[in-house]
Amino acid sequence: MDFTPTDDRRMLADTLNRFLTDRYDHDTRMKIAGSEIGWSAELWAEMAELGLIGALFAEDEGGFGGHGFDIALIFEGLGRALVVEPFHGALAARALPADQREEVIAGALIPAFAHSEPGTSFAQDRLRTTVTDGKLSGTKVAVAQAEAAHIFIVSAQDSDGPALFMVNAEHANLTAYPLFDGGRGADVTFDDAPATRLSAPLDTVLNRALLALSAEALGIMERCKDTTVDYLKTRRQFGIPLSKFQALQHRAVDMVTEIEQTRSAVINAAHHLGGPGASKYAAAAKYTAAATGRMISEEAIQLHGGIAMTWEYDLAHAAKRLTMTAQIMGDEDVHLRRFPAL
Amino acid sequence: MDFTPTDDRRMLADTLNRFLTDRYDHDTRMKIAGSEIGWSAELWAEMAELGLIGALFAEDEGGFGGHGFDIALIFEGLGRALVVEPFHGALAARALPADQREEVIAGALIPAFAHSEPGTSFAQDRLRTTVTDGKLSGTKVAVAQAEAAHIFIVSAQDSDGPALFMVNAEHANLTAYPLFDGGRGADVTFDDAPATRLSAPLDTVLNRALLALSAEALGIMERCKDTTVDYLKTRRQFGIPLSKFQALQHRAVDMVTEIEQTRSAVINAAHHLGGPGASKYAAAAKYTAAATGRMISEEAIQLHGGIAMTWEYDLAHAAKRLTMTAQIMGDEDVHLRRFPAL
Amino acid sequence: MNLNFTPEQEAFRAEVQEWLADNLSARLADKVRTSKHLTKQDMEEWHAKLNAKGWLANHWPVEHGGPGWDPVQRFIFEHECALAHAPRVVPFGVNMLGPVLLKYGTDEQKAHYLPRILDGTDWWCQGYSEPGAGSDLASLKTAAVREGDHYVVNGQKTWTTLGQHADWIFCLVRTSKEGKPQEGISFLLIDMNTAGIEVRPIYLLDGDHEVNEVWFTDVKVPAENLVGTENMGWTIAKYLLTYERTGIAGVGFSTAALAELKRVVAQTEKADDPLFAARVAKVDIALENMKTTNLRVLAAAAGGGAPGAESSILKVKGTEIRQEINALFLRAMGPQAQPFISEALEDGFNGPETGPDGAAYAAKDYFNNRKLSIFGGSNEIQKNIVSKAMLGM
Amino acid sequence: MNLNFTPEQEAFRAEVQEWLADNLSARLADKVRTSKHLTKQDMEEWHAKLNAKGWLANHWPVEHGGPGWDPVQRFIFEHECALAHAPRVVPFGVNMLGPVLLKYGTDEQKAHYLPRILDGTDWWCQGYSEPGAGSDLASLKTAAVREGDHYVVNGQKTWTTLGQHADWIFCLVRTSKEGKPQEGISFLLIDMNTAGIEVRPIYLLDGDHEVNEVWFTDVKVPAENLVGTENMGWTIAKYLLTYERTGIAGVGFSTAALAELKRVVAQTEKADDPLFAARVAKVDIALENMKTTNLRVLAAAAGGGAPGAESSILKVKGTEIRQEINALFLRAMGPQAQPFISEALEDGFNGPETGPDGAAYAAKDYFNNRKLSIFGGSNEIQKNIVSKAMLGM
């Protein structure tokens, strides 16, 4: 049992945090997230250069990390900075053939992960996208940074059951739009698109995605909590700082407590990733992150009051992103119902 | 729309409250509830004499009340005083033939209502007690004041579906015991017991029982809340009354808010009793009372601290009774699941 | 004890429903139902309809243009309007300044301002909150200094809803620093076209422009624009805060929103989820209970009882219910809550549909309605009030 | 970062498991699992077994009879004991007075008392709380007045757990009224057989006799029974309160209880209820999270970090989890939680079974464990601590 990060991970964390502090401050983020294309190709290249994509992959996959704890570390940092670049698509590149994966790690090839379908959120057994004779047809919704993608990694059913497929962007029809929490996405329709079946099992990629989203949510929660506690200490009412009101103190403590529990859930999921407990602890982490995320964003806004609802105040954007991490890939109820059987 | 009680009900409430204050104080209640027989035949006779049973029945049933608001009024009062006498059995006597019902109203005949079965709580479609050729067989659990009963009103399935049956006490085999919250009960086994099918539909009697339990819970909640608020004002910590700690203030307000909502739920159930919305609003009331009851008993104990866990402190007994009203006839989840289809 | 409305009340309800069917355009109702942005013209159109019928200022006495309704009638009216997806009446003139002038205004003020509120000549906004004075209103700093026959106002107001449309603002201003903070506050009417006033938009987290900052720099206000006497502003503000609020629980809006939720959920996988069904059932039951809680408070008020701290309970629980319905709506959208096409909230949008009905505004409504537990006295302030007034704690 | 225990730690776990299998009688384990009343003899039997193995005082240094374990070993040991349904070690002598004497006692005190704790000669109880001083311990009033070579003690202690069995009590007493309330408190060891001491039972809401009042009337206590110096009692009390509490989250007990819950639920209709399944899954996940939260705090402590306010978080969340498991157990019983046959909780009961496994004690355990969030510093006090120490609020 050891909770101290390895030297490698400490260095990775330093690199990540220094980059995000120096190059991805809130104003920059807001400019990127609200821009026409909704991401920064320049910063993406820099992040690839720094190894932030490579850290998501094991050495035999062409990277230099790839453990659950690497993924958690990266996405917690990305979450805290509300990064909108296509990391979730990159993470799914584990499913790709080696050549393409290496291009992804280099930042040259951008994949998008297309899983959610209209009216559904997570369930693998409900996939309506199908593959027949190597042609994929169906609609995927809210695919993050789909316009930026060169290829799509798509979940679909073929005669052998649910699996992952690779489709070139030229065969995808996009209805693109801005996302509520920044950046852009698209509904993507495939109509007899030529598709390559990938060997990576769907659930291993889904478990990675659940871990990443949970870790991302954790980073945002920490940011929301810190902002809120700072605000309570500064803002005065009836002549004393808000932080001296016991009812608010206890609610802040409840926030901290649940965030600590979420951190443990992320650690559990990271530890078990790739092992027999992977699905169980990934579901537990997503459940915990989604339930806690809703609580944190609501409490952070309420404890602030009106200012937290304004565009100018950065907490608002953190709360939006945090809430959306719960909407994606199954909310708390979805994973709570999965859990007992895992 | 009118929320003022009628003159008749105001008089009934006065009679009830005066009697309970004068003759059913907490010490008396504790003596009765812990006695060998677990109830008081003497007080039962007095309560019958005062019309507290008759108020549960309409004029054409031999009583002088019988409206949902009469039932709610009586049981709220009984709840507040933690009365253990067999009122729930008496309430079910609506199903009995006129002769027996009149004897019940006079206090001479005591029925017990036997519905719950081992491992179940409420569902009518799961009844395992059956009637064939007028003979009833099956086991009912935790039947309140079964030892006192002259007859049993029993839910069971016959070839026409679920219904109510009357069985004489001589055909019932009792395993009797004290109840956790005072008074006595029994597991009751019937083995080819001669049974008379009653004409009252099972669900009308169940809805009355749900209303009564919800109103009883409401009365206990009010008592718990009053005791807690009084205690917070009296007890000092760190030099000031507990009632001045904002975290505790807000929790007390949450208690009041949910109790007000429970009162509304009871009013709704009372209003709709006997009408097309009876089952819907009875389920809503029982859900609300059970969920709120759990919250109130836990918060009342927590806000008191250790003293509320002692036999000597009357809140402890109120909390036990309140908790048990949620265990009986279906807890909050049971009725929440029923609600959408009603 | 009887929950049924009287035959007279039911007849009144039918009259309201019939009038709404005839007078609320499908265009407006549809915009409200689908949370589209209402323009100033939309709101003026609706006010004019109500005013023509004599139902706009339904709290006002008959002699000033009110319909003479009792609290139950007002409740029924507001409830039916919500169910029909009528636009909300912009409250600042009709429901806030109106009652203040009726109680504290001079005959001249009443004669001048009240008709202009009714006919829409003046659009009013509210100048209460300041950057340092939200829930703690008494600490406000915007100063009005008497100089001859006018006041000179300096300071800043914030959270001024729809101030961008306003002709006039009613303000709480500090006219004295003596005594307790509450004692030096006055209630002043200010023409928004006066030199020295600047309105700056505050954009909300969804990009909407709904609230504003209003800055005052040496703004000259005629002394006759004072309501009541100098330094009695706190009394007036408290009167407004405890002024009967039949609709504070928002049960009409919640009822309409819950019906829409149930309709839309059928288009999503949540239709098969017992946990989601339980969430809907919970809020459904809470709303059924709240309807009766609301009527009980209303009946007490109609019977002459003062609805004091009880309306704080309505506010807290009522807003929790509305927010929970918004949250369930958002949940039901799953990932399809993410697309945010702001043009889709304007008239005549012909772009692509993304997601089930309601996906276009689920996230926006969820976040926008977080305000319900913050403004009008935050829910924490309401709990302080209940604790003190009802429990004596 | 690695959640796995080391091979050495796993070997240690196996050793503990094996020892428990050989030494914990089925009779005792079954009594614990089914929440039966443990007699004084039951507890003494278990202490003697542990002491014979050298595992009783597992926090103590080796030279005084401790096994030389690190915090992780202690955690593993306590966890395995809980899973095996071993009786809890009565903490007052071994876990509370022991560490105090080791740090503040004289050599004579250590030499005299420590061996008697180990071999069970002295049964200790704790005299901290008073009727007017629970969470606000510093306001205690029980007075000790120095008269020559002894103190004269007058006052009352309460909530004295298992005081009815005790030979000795360690007390916080007031020796001075000067300065802050904390500054006049001393730590005194008192023989329960001294004249003037009266123990009165407090019956809990299930009728159990677990706690007591202890009354002192002119009780003479030799001055050498003072621990540390006069008026340093608060320092000692704080030392104990912040003393490393590896087991404060009770994850072992919760894990055992959750397994029992899952087993028993299958006998009830709750087995088919998706809402109940969700409740169980929620607490299951919370417990999985808490296990890691607990290990993280433990690792920080083992690494030299002081587990301060973090242990308050463990206490709050850990007790919430245990209480929720009790609540679910109660729910699963439905109406069959009502029968309460107190004899069924004693050895050798042959009466009728009523209800599924666990029906006999579901209500009792649920109510009894409400104490978890009250004693040892109520959860409200813990939140005050976290707010101040971790958040600087």
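In what follows, chains are A, B, ... by sequence order, proteins preceding strands, each numbered from 1. The figures that follow rest on heavy atoms only: side chains count, while hydrogens, waters and symmetry mates do not.
- With a threshold of 4.5 angstrom between heavy atoms, B:Ala176 does not approach chain D through any atom at all.
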Open item on the list: One pair to check against side-chain contact (heavy atoms from CB on, under 4.5 Å): D:Phe276 and B:Val334. What are the steps and the verdict?
Closed with: CA-CA 9 Å; D:Phe276 192 79; B:Val334 167; over 6 Å; no
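- For the atom pair CD (D:Gln338) and CG (B:Asp187), the distance works out to 10.5 Å, reported to the nearest 0.5 Å.
- Shortest non-hydrogen contact noted between D:Tyr366 and B:Ser297 is OH-OG, 4.2 Å.
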(request) Please step through salt bridge (charged side-chain N to carboxylate O under 4.0 Å, His left out) for the pair D:Arg279 and B:Glu332, ending with a clear verdict. (result) CA-CA 12 Å; D:Arg279 290 184 190 272; B:Glu332 67 197 83; 3.3 Å; yes
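- Of the two parts of D:Asn368, only the backbone, made up of N, CA, C and O, holds a non-hydrogen atom closer than 4.5 Å to a non-hydrogen atom of chain B.
- By the 30° and 60° cut-offs, the orientation of the rings of D:Phe367 relative to B:Phe180 is parallel.
- Of all the heavy atoms in B:Gln327 and D:Gly334, the pair that sits closest is NE2-O, 2.9 Å.
- Counting only heavy atoms from C-beta outward, the side chains of B:Arg236 and D:Asp136 never approach each other to under 4.5 Å.
- For a residue to count as touching a neighbouring chain, one of its non-hydrogen atoms must lie under 4.5 Å from one of that chain's; by this rule D:Ser373 touches chain B with backbone and side chain alike.
- Looking at D:Glu380 and B:Arg251, their side chains come closer than 4.5 Å, going by heavy atoms from C-beta outward.
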Hey, mind stepping through D:Ile374 and B:Gln302 against side-chain contact (heavy atoms from CB on, under 4.5 Å) and telling me if it holds? CA-CA 7 Å; D:Ile374 295 172; B:Gln302 183 69 26; 3.6 Å; yes
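- Taking all atoms of both residues into account, the shortest heavy-atom contact from B:Met324 to D:Ala337 is CE-O, 3.6 Å.
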